[in-house]
Amino acid sequence: AGDYITADQQEQLRAMMDILGNRYEIKHGKGTRGKLIEDIKEQHDFRFYNSVMKKTWPGVVRDLVFRFRQLNPKGTPLPPVFRIAQESVEQASLF
């Protein structure tokens, strides 16, 4: 059980995916969010939020932040959940 992200991180992931999915649908049309979510899951090799490995979490967060920036106009501030996940990843890399 210690190899997987925490329940808090699972909730962060769920929230970030929801935000990205909503924005993706706005940009690419209704019903397109499923493709985005499946692409992310496939790229990072997980099927369920509770099956994300701790060692892959930093890469997942970086990818989701990157995707958020791609889907939104330049200068759009990161939503709090993205900032919290990003800061926790950056802090962990210091140790």
Side-chain angles (χ1 to χ4, degrees):
D3 291 338
Y4 299 99
I5 61 173
T6 66
D8 285 344
Q9 289 168 323
Q10 291 170 36
E11 288 302 315
Q12 291 170 358
L13 178 58
R14 188 173 285 113
M16 290 187 291
M17 297 278 272
D18 195 41
I19 291 168
L20 287 175
N22 290 339
R23 180 64 185 154
Y24 195 81
E25 273 193 332
I26 289 168
K27 201 166 183 179
H28 298 285
K30 201 108 176 108
T32 57
R33 73 183 289 134
K35 169 135 178 50
L36 171 74
I37 290 170
E38 287 308 311
D39 286 349
I40 292 168
K41 287 180 173 184
E42 186 178 312
Q43 181 178 349
H44 295 286
D45 196 28
F46 69 92
R47 290 183 61 196
F48 307 103
Y49 296 122
N50 65 353
S51 66
V52 175
M53 303 294 289
K54 277 184 183 177
K55 66 182 179 184
T56 64
W57 177 240
V60 172
V61 171
R62 280 191 292 275
D63 181 42
L64 297 183
V65 167
F66 176 76
R67 289 174 189 259
F68 178 85
R69 291 198 169 123
Q70 281 189 315
L71 288 169
N72 289 281
K74 188 174 181 141
T76 301
L78 279 176
V81 69
F82 283 84
R83 284 197 321 269
I84 291 166
Q86 191 176 38
E87 288 167 5
S88 71
V89 164
E90 288 169 358
Q91 256 185 345
S93 71
L94 294 176
F95 300 103

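Below, all heavy atoms of this structure are taken into account, side chains as well, without hydrogens, waters or symmetry copies.
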*Given F68 and T76, is the side-chain contact (heavy atoms from CB on, under 4.5 Å) satisfied, shown in steps?*
CA-CA 9 Å; F68 178 85; T76 301; 4.0 Å; yes

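- Taking 4.0 Å as the cut-off between side-chain N and carboxylate O, R33 and D18 count as a salt-bridged pair.
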*Go through the steps to decide whether Y49 and M17 satisfy the test side-chain contact (heavy atoms from CB on, under 4.5 Å), and finish with yes or no.*
CA-CA 10 Å; Y49 296 122; M17 297 278 272; 3.7 Å; yes

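- Considering all non-hydrogen atoms of both residues, L78 and R83 come closest at O-NH1, 2.8 Å.
- With sequence neighbours excluded, no residue forms a salt bridge (charged side-chain N to carboxylate O under 4.0 Å, His left out) with R23.
- Nearest approach of P58 to V89, heavy atoms of both residues: CB-CG1, 3.6 Å.
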*Apply side-chain contact (heavy atoms from CB on, under 4.5 Å) to the pair Y4 and V52, showing each step before the final yes or no.*
CA-CA 6 Å; Y4 299 99; V52 175; over 6 Å; no

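- Under a hydrophobic clustering in which Ile, Leu, Val, Met, Phe, Trp and Tyr are joined whenever their side-chain heavy atoms come within less than 4.5 Å, directly or via other members, V65 and I40 fall into the same cluster.
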*Working for side-chain contact (heavy atoms from CB on, under 4.5 Å), residues D63 and H44*: CA-CA 9 Å; D63 181 42; H44 295 286; 2.9 Å; yes

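- Here I5 contributes atom CD1 and K54 contributes atom NZ; the two are 10.0 Å apart, rounded to the nearest 0.5 Å.
- A pairwise comparison of heavy atoms in E25 and G31 identifies OE2-N, 2.9 Å as the closest pair.
- Pairing each heavy atom of I19 with each of P79, the nearest pair is CD1-CB, 4.1 Å.
- Under the salt bridge (charged side-chain N to carboxylate O under 4.0 Å, His left out) criterion, R14 pairs with E11, sequence neighbours left out.
- More than 12 heavy atoms of other residues, nucleotides or ligands shown are found within 6.0 angstrom of CG on N22.
- Residue D39 forms a side-chain hydrogen bond (donor to acceptor under 3.5 Å, both in side chains) with just one option from K35, K41, Q43, and that option is K35.
- The heavy-atom pair separating V81 from A15 by the smallest distance is CG2-CB, 4.0 Å.
- The minimum heavy-atom distance linking W57 with S88 is given by the pair NE1-OG, 4.4 Å.
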